[in-house]
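We're numbering straight along the sequence, starting at 1. This one's a predicted model, so the numbers in the text were calculated from it and none came from an experiment.
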Amino acid sequence: VARLPESLKQQPVVMFCTGGIRCEKAGPYLEQAGFSQVYQLDGGILKYFEEVGGDHYDGECFVFDQRVAVDPALRETTTTQCYVCQQVVTPEDQQSERYVPGRSCPACYRDEAQRMADRLAERHRQVRQLTAVLPGSQPWFNRRPLNVPERFAGRPLLDFLDEWHPQVGRPEWLRRIQEGLIVPGKSTGRSRRRRAITEPIPLSPDRIVREGERFEHLQPESTEPDVNGDIRFLYEDDDYIVISKPAPLPMHACGRFHRNTLRHFINAMYSPERPHMVHRLDANTSGVLLMCRRQRIARLIQPQLENRTVSKVYLARVHGHPVADHFLCQAPLGREAEHGGVREPGHREDDTIGNHSREAMTQLTVIARSADGTSLIEARPITGRTNQIRAHLWSCGFPICGDPAYLPDGQLGVNRTLHPDEPPMHLHAASIRFRDSSGNDRRFEAPLPDWY
């Protein structure tokens, strides 16, 4: 009504609807808006059909029941309705290959590329909403698990905590034990019921711990460091989810992170689904990441990872200029991280594979040597050990720029998660290739990082 021309207010306006009820509401509305000659078809168009037939009427009449449309003789026509978008579908439209009853019509049809774009756009909307205020930034009561590794068996509790997480400091761990913030971990069944009667029992810092024993670190009013929530969805279907993971962003709960993790974000977006993360990237590593939406599909991918038939390509900017354009690093890596969470490479001549370290191999190719003293490296891991590319490049004398753990000049730091405001670690998972459930070769690439 607001868009009608002013000159129409002095001309006859005739309206009709199916039975007249809507006109009885619209007529007075038009008069209030200044229209002086407003008429309606008495009894609506259906009454007109009964008394006059089809004279002066062209087309069919949409009706609000299961018939969808009738002709002037009040006979149901073959016109139907798309129950996806509610658009009327004419007999001509029904001949289109884009008309699939219950799924699409020419008005709402989307080809596979359009459907994928719509699906990914919705995922990006969800992740923006989820990370607008990072969930871990809101104070909450956190219970962090502390599982005792074999090497700490028979040691006092305080020694275990201090050596397992030295960044906290021994005096601080002692204070937390004395204040009851370190408690036995939850168990199941009968032992849990028994514990409910006898605990809480204050733990002693001299309490001897056992291999595999579980404690919990209580953290009231817990908050987590900020992360980069700019997750980019690259592909999604009924079997797979492929994203470009930003950095820094931990994948799983660890250290100070629980809710500000990729796992927490994905679970919140796909609930009640829990997509399977069949491989991992370090918190400070960006790039392509594959997830499976069903256990059956994950079981098809896992053997490919174990048999080394999944091809992964990484890009890294490193300090220094390698002499060779192509080289292979085979330094074995420790099974467990040492102080600071760093897995330091060993040497084949002084380390027994299988006892203290695990075999690790990375193919490295120089893409470019820059004037600033850095080089761009393509890394193809043959094995899939934690921190493998970072440790191997460091052991070869070419540490990755921005790496907080593997530093220049053979120095080691702490394997911590960087803050989003810090310079990023220059390691990026560029592509992944695997075979899907139909045996087809699938390859996905992540957008290149800014530092490339």
J.: Are the side chain of Asn440 and the backbone of Asp436 linked by a donor-acceptor contact shorter than 3.5 Å?
T.: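 No, the answer is negative, given that no donor and acceptor are paired below the 3.5 Å cut-off.
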J.: Do Arg176 and His217 pair up side chain to side chain, a donor and an acceptor below 3.5 Å, judged on atom types alone?
T.: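 On atom types as modelled, these side chains qualify, holding a pair under 3.5 Å.
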J.: Step by step, work out the side-chain contact (heavy atoms from CB on, under 4.5 Å) result for Leu181 and Gln219.
T.: CA-CA 7 Å; Leu181 297 178; Gln219 298 175 334; over 6 Å; no
J.: For residues 370-380, pull every pair meeting side chain to side chain donor-acceptor pair (under 3.5 Å), keeping only residues two or more places apart or in separate chains.
T.: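 Sorted pair list: Arg317-Ser370, Arg317-Thr374, Asp372-Thr374, Glu378-Arg380.
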J.: Judged by modelled atom types alone, do Thr362 and Gln388 share a side-chain donor-acceptor pair under 3.5 Å?
T.: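 There is such a pair between these side chains.
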J.: Charged N to carboxylate O below 4.0 Å: is that the case for Glu112 and Arg115?
T.: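 Yes, Glu112 and Arg115 are salt-bridged.
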J.: Side-chain donor-acceptor pair under 3.5 Å between Glu224 and Ser137, yes or no?
T.: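 Judged by distance alone, the side chains do not pair up.
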J.: How about Tyr109 and Tyr99: are their ring centres within less than 6.0 Å of each other?
T.: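 They do not qualify: ring centres at least 6.0 Å apart.
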J.: Looking just at side-chain N and O atoms, do Tyr270 and Arg123 make a donor-acceptor pair shorter than 3.5 Å?
T.: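 Yes, Arg123 and Tyr270 have a side-chain donor paired with an acceptor closer than 3.5 Å.
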J.: Salt-bridged, Glu273 to Arg293, with N to O below 4.0 Å?
T.: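 Counted as a salt bridge, because a side-chain N and a carboxylate O are separated by less than 4.0 Å.
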J.: Does Arg119 form a salt bridge (charged side-chain N to carboxylate O under 4.0 Å, His left out) with Glu122? I'd like the steps, not just the answer.
T.: CA-CA 5 Å; Arg119 188 181 303 121; Glu122 173 60 17; over 6 Å; no
J.: Quick one: does Gln95's side chain have a donor or acceptor within less than 3.5 Å of a partner on Glu92's backbone?
T.: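 Checked: no pair found.
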J.: Any donor and acceptor pair, going by atom type alone, linking the side chain of Asn228 with main-chain N or O of Ala247 inside 3.5 Å?
T.: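 Side chain of Asn228 to backbone of Ala247, a donor-acceptor pair under 3.5 Å: yes, one is there.
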J.: Mark yes when over 12 heavy atoms from residues, nucleotides or ligands other than Asp450 sit less than 6.0 Å from its CG; otherwise mark no.
T.: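 Open: at most 12 neighbouring heavy atoms sit under 6.0 Å from CG of Asp450.
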J.: Give the C-alpha distance, both sets of side-chain angles, the deciding distance and a yes or no for ring-ring contact (aromatic ring centres under 6.0 Å, His included) between Phe434 and Tyr240.
T.: CA-CA 12 Å; Phe434 63 96; Tyr240 304 104; 5.3 Å; yes
J.: According to salt bridge (Lys or Arg N to Asp or Glu O under 4.0 Å), who are the partners of Glu213, at least two apart in sequence or on a separate chain?
T.: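 Once residues adjacent in sequence are excluded, the partners of Glu213 under the salt bridge (Lys or Arg N to Asp or Glu O under 4.0 Å) criterion are Arg207, Arg210.
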J.: Sub-3.5 Å donor-acceptor pair from the side chain of Lys245 to the main-chain atoms of Arg232, do we have one?
T.: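 Side chain of Lys245 to backbone of Arg232, a donor-acceptor pair under 3.5 Å: no, none is there.
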J.: Any side-chain heavy atom of Val310 sitting closer than 4.5 Å to one from Ile432?
T.: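 Contact flag for Val310/Ile432 side chains = yes.
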J.: Given side chains that start at C-beta, do those of Leu249 and Leu281 come closer than 4.5 Å, heavy atoms only?
T.: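 Counting from C-beta outward, Leu249 and Leu281 never come under 4.5 Å.
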J.: Looking at Arg144, I want to see if its CZ is surrounded by more than 12 non-hydrogen atoms of other residues, nucleotides or ligands under 6.0 Å.
T.: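 Yes, enclosed.
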J.: Is Arg214 atom CZ crowded by more than 12 heavy atoms from other residues, nucleotides or ligands, each under 6.0 Å away?
T.: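 Yes, the 6.0 Å shell around CZ holds more than 12 heavy atoms from other groups.
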J.: Distance-only, no hydrogens or angles: does the His165 side chain make a donor-acceptor pair with backbone N or O of Gln167 under 3.5 Å?
T.: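 Absent.
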J.: When you measure from the side chain of Asn260 to the backbone of Pro225, do you find a donor-acceptor pair of N or O atoms at a distance under 3.5 Å?
T.: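 Yes; judged by distance alone, with no hydrogens or angles, the pair exists.
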J.: Above 12 or not: heavy atoms from other molecules or residues under 6.0 Å from NZ of Lys47?
T.: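 No.
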J.: Run the side-chain contact (heavy atoms from CB on, under 4.5 Å) test on Ser36 and Lys9 for me, step by step, so that the C-alpha distance in whole Å, both residues' side-chain angles and the decisive distance to 0.1 Å come before the verdict.
T.: CA-CA 6 Å; Ser36 59; Lys9 292 185 177 181; 5.9 Å; no
J.: Taking atom CG of Asp421 as the centre, does the number of heavy atoms from other residues, nucleotides or ligands within less than 6.0 Å exceed 12?
T.: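 Result for CG/Asp421: enclosed.
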J.: Ignoring hydrogens and geometry, is there a side-chain-to-backbone donor-acceptor pair from Thr80 to Thr90 under 3.5 Å?
T.: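 Here the side-chain-to-backbone pair does not exist.
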J.: Quick test of your reading of the model: are Arg390 and Asp282 salt-bridged, counting only N-O distances below 4.0 Å?
T.: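 Asp282 and Arg390: salt-bridged.
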J.: Under 6.0 Å between the ring centres of Phe444 and Tyr235?
T.: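 Yes; Tyr235 has its ring centre under 6.0 Å from that of Phe444.
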J.: Report yes if the side chains of Leu305 and Val278 come closer than 4.5 Å at any heavy-atom pair, otherwise no.
T.: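 Yes, at least one pair of side-chain atoms sits under 4.5 Å.
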J.: Have Ser431 and Glu445 got a donor and an acceptor in their side chains that come within less than 3.5 Å?
T.: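 The answer is no; no qualifying pair exists.
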J.: Hydrogens and angles aside, do Asp93 and Ser96 bring a side-chain donor and acceptor to less than 3.5 Å of each other?
T.: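 Their side chains do not contain a donor-acceptor pair, so the 3.5 Å distance test is not met.
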J.: Quick one: are the ring centres of Phe35 and Tyr29 less than 6.0 Å apart?
T.: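 Ring centres of Tyr29 and Phe35 not closer than 6.0 Å.
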J.: Find out whether Tyr406 and Phe398 are in side-chain contact, i.e. whether some heavy atom of one side chain is under 4.5 Å from a heavy atom of the other.
T.: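 With C-beta onward as the side chain, the pair stays apart.
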J.: Ignoring hydrogens and angles, tell me if any N or O in the side chain of Asn284 forms a donor-acceptor pair with the backbone of Arg416 under 3.5 Å.
T.: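 It does hold such a pair.
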J.: Answer yes or no: is there an ion pair linking Arg443 with Asp441, defined by an N-O contact shorter than 4.0 Å?
T.: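 Not counted as a salt bridge, because no side-chain N and carboxylate O are separated by less than 4.0 Å.
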J.: May I ask you to decide whether Arg67 forms a salt bridge with Glu60, counting only side-chain N to carboxylate O separations under 4.0 Å?
T.: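 Glu60 and Arg67: not salt-bridged.
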J.: Answer yes or no: are there more than 12 heavy-atom neighbours, outside Gln11 itself, under 6.0 Å from its atom CD?
T.: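 Yes, enclosed.
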J.: Examine distances only and state if a side-chain atom of Arg435 and a backbone atom of Gly439 form a donor-acceptor pair shorter than 3.5 Å.
T.: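 Pair found, side chain donor or acceptor close to backbone of Gly439.
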J.: Got a donor-acceptor contact below 3.5 angstrom from the Tyr57 side chain to the Tyr48 backbone?
T.: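 No; judged by distance alone, with no hydrogens or angles, the pair does not exist.
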J.: Between Thr261 and His252, does any side-chain donor sit less than 3.5 Å from a side-chain acceptor?
T.: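 Looking only at side-chain atoms, His252 and Thr261 do not form any donor-acceptor pair under 3.5 Å.
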